[in-house]
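Written below as structure tokens is the structure these notes are about.
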Amino acid sequence: MTTRERTYAKANNQRAAQFTELWIVGRPEDIAAMVQVASASGRLVFVSAPTRMGGDDTRQRRYLRLRTH
């Protein structure tokens, strides 16, 4: 592995370690509370639009990206 390749691999690992990505499933009010806390803490980077689980299931699914530091 060349020096350039090692540097590139290290930079990619550091960028990936800066975030945690989660899919959360739950009741809309529970997810809203989680998103509010993450936003207030300054860790929330991205939250997707709510997606219904389908059928008779009233839960929703959302994707969150959070800062780790």
Residue pair V45 / F19, side-chain heavy-atom distance below 4.5 Å
yes
Can you pull the salt bridge (charged side-chain N to carboxylate O under 4.0 Å, His left out) pairs that have at least one residue in residues 32-48, sequence neighbours excluded?
none
Heavy-atom nearest pair, V25 first then I31, reads C-CD1, 4.3 Å
Taking only residues two or more places apart in sequence, or in another chain, which ones meet L22 in a side chain to side chain contact (heavy atoms under 4.5 Å, CB included)?
T20, I24, L66
For P28, enumerate each residue passing the side chain to side chain contact (heavy atoms under 4.5 Å, CB included) test, keeping only those at least two apart in sequence or located in another chain.
Q60
D57: salt bridge (charged side-chain N to carboxylate O under 4.0 Å, His left out) partners, not counting sequence neighbours:
R59
Using the ring of W23 (Phe, Tyr or Trp, six-membered ring only), decide whether R62 places NZ or CZ under 6.0 Å from its centre and within 45 degrees of its axis.
no
Test: salt bridge (charged side-chain N to carboxylate O under 4.0 Å, His left out). Region: residues 22-41. Which pairs qualify, not counting sequence neighbours?
R27-E29, R27-D30
Is there a side chain to side chain contact (heavy atoms under 4.5 Å, CB included) between Q18 and R67? Walk through the geometry before answering.
CA-CA 6 Å; Q18 292 177 359; R67 283 186 187 84; over 6 Å; no
Could you pull out all residues at least two apart from E21 that satisfy side chain to side chain contact (heavy atoms under 4.5 Å, CB included)?
Y63, R65
